[in-house]
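Heads up, the thing below is written out as structure tokens.
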Amino acid sequence: MSWLTGPWSYAFFRHGLVAGALAGALCGFIGVFVVLRRMSYIGHGLSHAIFGGAVATYVMQVNYYVGAGVWGLVSALLITWVGRRRKIGADAAIGIVTTISFALGVALISRVNRFTVNLDAALFGNILGVQPSQIWVLVGVGIASLAAVLLRYRPLLFVTFDPEIADTYGVSSRRMDALFSVLLAATIISTLQILGVTLIAATVVIPPVVARLLTDSFARMLALSTVLGTVAGVVGMYLSFYYDIASGSTIVLVAGAMFVVTFAGTAALKRRRLQALESAGSTDVVGGVGAHVG
Amino acid sequence: MTRALVELRGVSFTYGEAPTLVGIDLEISPGAFLGIVGPSGAGKTTLIRLLAGSVRPTAGAIRFGDAANGNGIRLGVVPQLETIDWSFPITVEEVVLLGRADKRSLAPWATREERLEARRLLNKLGIGDLAHRHIRALSGGQQQRAFIARALFRRPDLLLLDEPTSGVDVKTRHDILHLLHSLNHEGIAIVLTTHDLNAVATHLPSLVCMNRRIVARGSPREVLTSEVLAELYGAEMVVVERDGMLLIGDAPGALRDAHDPEAHPQGTPPAHFGEPDHRAGGNAEPAEQGAAPVRRQTG
């Protein structure tokens, strides 16, 4: 068991392990709504948008969480608002809002000479440099997200499943869209510095997709996706430690491996079921003919 | 005097270009069982959306029950099955429980009473044993029943259904309309849209024929006439009565062009019905003995 507990003697690993598990769980949990709304690109896009906000807050010397929070929330609301226009749609809205925001960030970097922040950390994450304060932010966002989803479970499910009809059943689709935007922006902001702009989308999309392959129930998908996200975070951190690979990439690769195995496994199961049905059908026909002849 | 559940006065609606609905006056009374028929693009779904309060009229006024804001009555809406995302991970029971999604609750899970009521409804609709199935694993008729159960779980005063008989076989269509009949007898007002004229002629007590505006309203015998249908669909249709039932079909004259050698010098089109010669007159008598054409003008 020393291989399991050995790395705990390092503070950077302990922090990274907790951060990886929490970030994986949070992204897996909120990612269910992202995937089912068919907005998988939003995780990728919003992280780019918030990157622009992060640069702007640095230049204006505002606290990261305040600046990026406002920027991320406005971006998420803008995406939802612009995406409601039938002629535009959610995918194009994500492309428009997030690339403009990202471009603004890059433009600011090119104009401000005193910008010295390590861009690699923002783009690829720095899970091994996680500070306790970042873990507390993750814990806070995680608890708030869980509470919000549990308290508004059925309205959120209704708007995700059948948004056209929701208002008729007394569920405000606008309020639920706004709640979703807030939760998503908070998730991206709290995990951005840990997983990085370029990798965050995978942790939002892969665990829910794997969970979807394994269950037909929304409640089970929500639980399963959270567990899978956590497992990817923990296993990824250990593999990263022992094989000396970048932590964020390892977490994403573990999630990717989960997808490949589940995809192949469920496809094989389906094939076997079909073959069993076919053979049962041919047996019936033979039996039936025999009965008539006899 | 009983007040109408929903009252539309001079309602018009547009999505931004051509008007979708013009000057609609309509009252839905408690216990009504009303069918809305008309060609594609006539505004039937938009009318259902207006009745459901999903969209607001661009002109005119809608009054719901005794309250102007729609709180006066409870609505149950069953959408067109084509609009549902069938790959969404949701079971039949989860769909039904959404009927009370507006209920404030500290716990995300349904109460025991809610589950029992959902199960009772599903049993009543004949799909009780399918409660834990995924919605895609049901037949068309069962899917329709699952969404009717969601609407009934809300204990509605008015049930709105958008094309509930679309895409199902004759037996299922018959079963669904009988189910709606029995719900109506329990006191639930029902409004549905459909393209199936023969089904509504047989099952529904009152109809509204519309094509952006209301063309006719009344009982099937009053409104399903060749004149009204010609105005509605822009095509000649024949209405015959047999054994007390109205039967509506394409008039042979509607096929005249398809059989005209001059209109199609390259030959008879592939969709060819019957012999061209004896239909050339267009106003053919009904082929069945004892069937008489119905030509009534609505009031």
Side-chain angles (χ1 to χ4, degrees), chain A residues 29 31-33 35-39 84-87 90 145-176 179 207-226 266 270 273, chain B residues 15-16 45 48-56 64 70-71 73-81 83-110 114 131-137 147 150-151 153-154 156 158-160 162:
Chain A
F29 185 62
V32 169
F33 295 96
V35 168
L36 293 178
R37 282 171 173 249
R38 301 192 184 281
M39 295 173 86
R84 273 180 177 271
R85 292 280 291 270
R86 281 171 189 263
K87 285 184 182 174
S145 301
L146 184 68
V149 170
L150 293 184
L151 285 171
R152 308 301 291 143
Y153 177 80
R154 272 195 260 183
L156 276 167
L157 170 58
F158 204 142
V159 171
T160 308
F161 173 53
D162 199 355
E164 292 275 324
I165 300 292
D167 287 285
T168 311
Y169 280 75
V171 175
S172 169
S173 54
R174 279 183 188 280
R175 275 189 208 158
M176 289 306 114
L179 177 61
V209 170
V210 176
R212 178 65 192 95
L213 288 171
L214 295 171
T215 181
D216 273 340
S217 159
F218 179 79
R220 281 197 292 274
M221 182 178 170
L222 207 53
L224 205 51
S225 178
T226 309
T266 49
K270 196 175 174 183
R273 267 193 216 129
Chain B
Y15 286 106
T45 297
I48 289 285
R49 296 183 75 200
L50 281 163
L51 289 170
S54 300
V55 291
R56 292 176 188 278
F64 292 90
N71 292 331
I73 61 165
R74 269 196 305 270
L75 294 168
V77 182
V78 181
Q80 282 185 39
L81 293 188
T83 65
I84 301 296
D85 175 5
W86 296 106
S87 64
F88 195 95
I90 193 164
T91 63
V92 172
E93 187 185 58
E94 284 175 324
V95 166
V96 177
L97 291 170
L98 286 181
R100 286 188 208 149
D102 58 331
K103 188 186 147 199
R104 290 263 171 189
S105 169
L106 287 175
W109 48 84
E114 283 178 326
H132 298 295
R133 288 260 188 101
H134 184 257
I135 48 168
R136 196 185 47 237
F147 283 88
R150 179 179 74 175
F153 194 60
R154 198 165 166 70
L158 172 60
L159 189 58
L160 302 168
D162 198 3

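A, B, ... follow the sequence lines: proteins, then strands. Residue 1 opens every chain.
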- Pair B:F153 + A:Y169: ring centers closer than 6.0 Å: no
- What residue in A:S217, A:P155, A:A147, A:A219 has the most heavy-atom pairs under 4.5 Å with chain B? A:S217
- Largest heavy-atom contact set with chain B, pairs under 4.5 Å, which of A:L150, A:V171, A:V149, A:T160: A:L150
- Message: Between B:D162 and B:R49 (salt bridge meaning N to carboxylate O under 4.0 Å), is one present in this structure?
- Response: no
- Message: Let's test your reading of the structure: which of A:L156, A:T215, A:L151 forms the most heavy-atom pairs below 4.5 Å with chain B?
- Response: A:L151
- Message: For the interface with chain A, which of B:P156, B:A110, B:S87 has the highest count of heavy-atom pairs at distances below 4.5 Å?
- Response: B:S87
- Task: Find the one option among A:R220, A:M221, A:R152 whose heavy-atom pairs under 4.5 Å with chain B are most numerous.
- Result: A:R152
- Query: What closest approach, in Å, do B:I48 and B:L160 show between heavy atoms, and which atom pair accounts for it?
  - Reply: O-CD1, 4.0 Å
- Applying a strict 4.5 Å limit to non-hydrogen atoms, the region of A:S172 in contact with chain B is neither
- Donor-acceptor side-chain pairing of B:T45 and B:Q80 below 3.5 angstrom: yes
- Message: Could you report the tightest heavy-atom contact between B:E94 and B:P89, atom names first, then the distance?
- Response: OE1-O, 4.1 Å
- Contacting moiety of A:A211, where chain B heavy atoms sit under 4.5 Å: neither
- Item | Contact class of A:D167 relative to chain B, heavy atoms under 4.5 angstrom | neither
- Message: Measuring only between side-chain heavy atoms, which start at C-beta, is A:F161 closer than 4.5 Å to B:I135?
- Response: yes
- Item | Under 4.5 Å from a heavy atom of chain A, the part of B:I84 involved | side chain
- Query: Does any heavy atom of chain B fall under 4.5 Å from the side chain of A:I165, the backbone, both, or neither of them?
  - Reply: side chain
- Item | SB check A:D162 B:R150 (cutoff 4.0 Å) | yes
